Number of protein chains: 2
Amino acid sequence: MLNESPSLDRVFHALADSTRRAMVERLALRPMSVSELASPFAMSLPAVMQHLAVLEESGLVRSHKAGRVRTCRIDTETFGLVERWTADCRSEWEGRLDKLEDYINTLKGQQK
Amino acid sequence: MLNESPSLDRVFHALADSTRRAMVERLALRPMSVSELASPFAMSLPAVMQHLAVLEESGLVRSHKAGRVRTCRIDTETFGLVERWTADCRSEWEGRLDKLEDYINTLKGQQK
DNA sequence: ATAATACTTAAGTGCATGCTTAACGAATCA
DNA sequence: TGATTCGTTAAGCATGCACTTAAGTATTAT
């Protein structure tokens, strides 16, 4: 706990932008080229490239170039980081609630 | 899909900072006052307050003041937003992989 | 009444982010 | 070969972010 985790910083930051989330959603459907990925967005290609760079640095997306076309795909592994962190938090407070419930049940038991 | 979702923007942005994640982790253990929440961090109280404001605006944390002490607690509901978005993405690409697997199985069937 | 506690507000600073346009590089097509 | 297509690099700009210090305001304790 109290982990600095710069990689979680990068992943959450990458997902904190609706354009980048939409890119991730598109890539969840299937891998695609940069220009196909960019097509629905009302911004310049360089802007899309910068978003793509953020996604790649976070580990959420990988890409490789063949000829003049770069194909991008989701890296499913990095998604696990987010899922794991949220699950850990949840289990922490649910554990706490369970203990509270146990305590209440103990009180009820004593009343009888 | 292709949802703008400013609330997801806010939630992910709130979680994209290790101090704020640590605050969430602390509050997952139990509700606490601002100064207790702030105690492990090597920064000024106003800085902590600003992080708290970001967390509250995202919906991840609620607080109320009694006398001179403000007590903060996690709002578990907003966590669901993150869990739901990631689960939706995952099911999208897993659905795709299932379909690919089906297709491969069909090919195998044809070979026999 | 005084002092200490617990937060709050305001203002300022340096650096990061999300775009833009303009120019360039390299692979494919006619 | 010369023109397109697909992507990349560079520079610049407005805005936002994560702090800081300094100076408040209530509340509670002595």
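Source: prediction; values computed, not measured. Just so we're on the same page: letters track the sequence lines, and every chain starts at 1.
- No side-chain heavy atom of Arg73(B) sits under 4.5 Å from any side-chain heavy atom of Leu27(B).
- Ring geometry, Phe12(B) versus Trp85(B): the interplanar angle exceeds 60°, so the pair is classed perpendicular (tilted spans 30 to 60°).
- No side-chain donor-acceptor contact under 3.5 Å links Arg20(B) to the backbone of His51(B).
- As judged by a 4.0 angstrom heavy-atom cut-off over every strand, Ser35(A) is placed among residues touching the sugar-phosphate backbone only.
- Regarding contacts with the backbone of dT8(C), a side-chain N or O of Arg70(B) is found under 4.0 angstrom from either OP1 or OP2.
- Judged by closest nucleotide on DNA chain C, His13(A) is the one of Ala42(A) and His13(A) placed further toward the 5' end.
- Of the candidates dG7(D), dT21(D), dT8(D), the closest approach to any side-chain atom of Pro46(A) belongs to dT8(D).
- When rounded to the nearest whole Å, the span between CG of Leu45(B) and C1' of dT21(D) equals 13 Å.
- Atoms CG (Asp17(A)) and P (dG16(D)) sit 14 Å apart, rounded to a whole Å.
- A straight line from CE of Met43(B) to C1' of dC17(D) spans 13 Å, rounded to a whole angstrom.
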With salt bridge (Lys or Arg N to Asp or Glu O under 4.0 Å) as the test, would you mind laying out the steps for Glu36(B) and Arg30(B) before giving the verdict? CA-CA 11 Å; Glu36(B) 187 184 358; Arg30(B) 61 194 161 75; 2.8 Å; yes
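- On the P atoms, dC6(D) is 22 Å away from dA23(C), given to the nearest whole Å.
- Side-chain N/O atoms of Ser44(B) include none lying less than 4.0 angstrom from OP1 or OP2 on dC19(D).
- Atom P of nucleotide dT5(C) and atom CZ of Arg68(B) are separated by 8 Å, given to the nearest angstrom.
- Regarding contacts with the backbone of dT8(C), a side-chain N or O of Lys65(B) is found under 4.0 angstrom from either OP1 or OP2.
- For the pair Asp9(A) CG and dC15(C) P, the computed distance is 19 Å after rounding to whole Å.
- Of all nucleotides listed (dC19(D), dT8(C), dC19(C)), dC19(C) comes nearest to the side chain of Ala47(A).
- Separating the NE2 atom of His51(A) from the C1' atom of dT20(C) is a distance of 12 Å, rounded to the nearest angstrom.
- For Gln50(B) against dT9(C), a side-chain-to-base donor-acceptor contact under 3.5 Å is absent.
- Counting to the nearest Å, the P atom of dA16(C) and the CD atom of Glu57(A) are 13 Å from each other.
- Side-chain N/O atoms of Arg20(B) include one lying less than 4.0 angstrom from OP1 or OP2 on dA18(D).
- Within the 4.5 Å cutoff, side-chain heavy atoms of Leu52(A) are placed close to those of Glu56(A).
- With rounding to whole Å, Glu36(B) atom CD is found 11 Å from dA6(C) atom P.
- Candidate nucleotides dC19(C), dC17(D), dT9(C) were compared by shortest atom distance to the side chain of Thr19(A), and dC19(C) ranks first.
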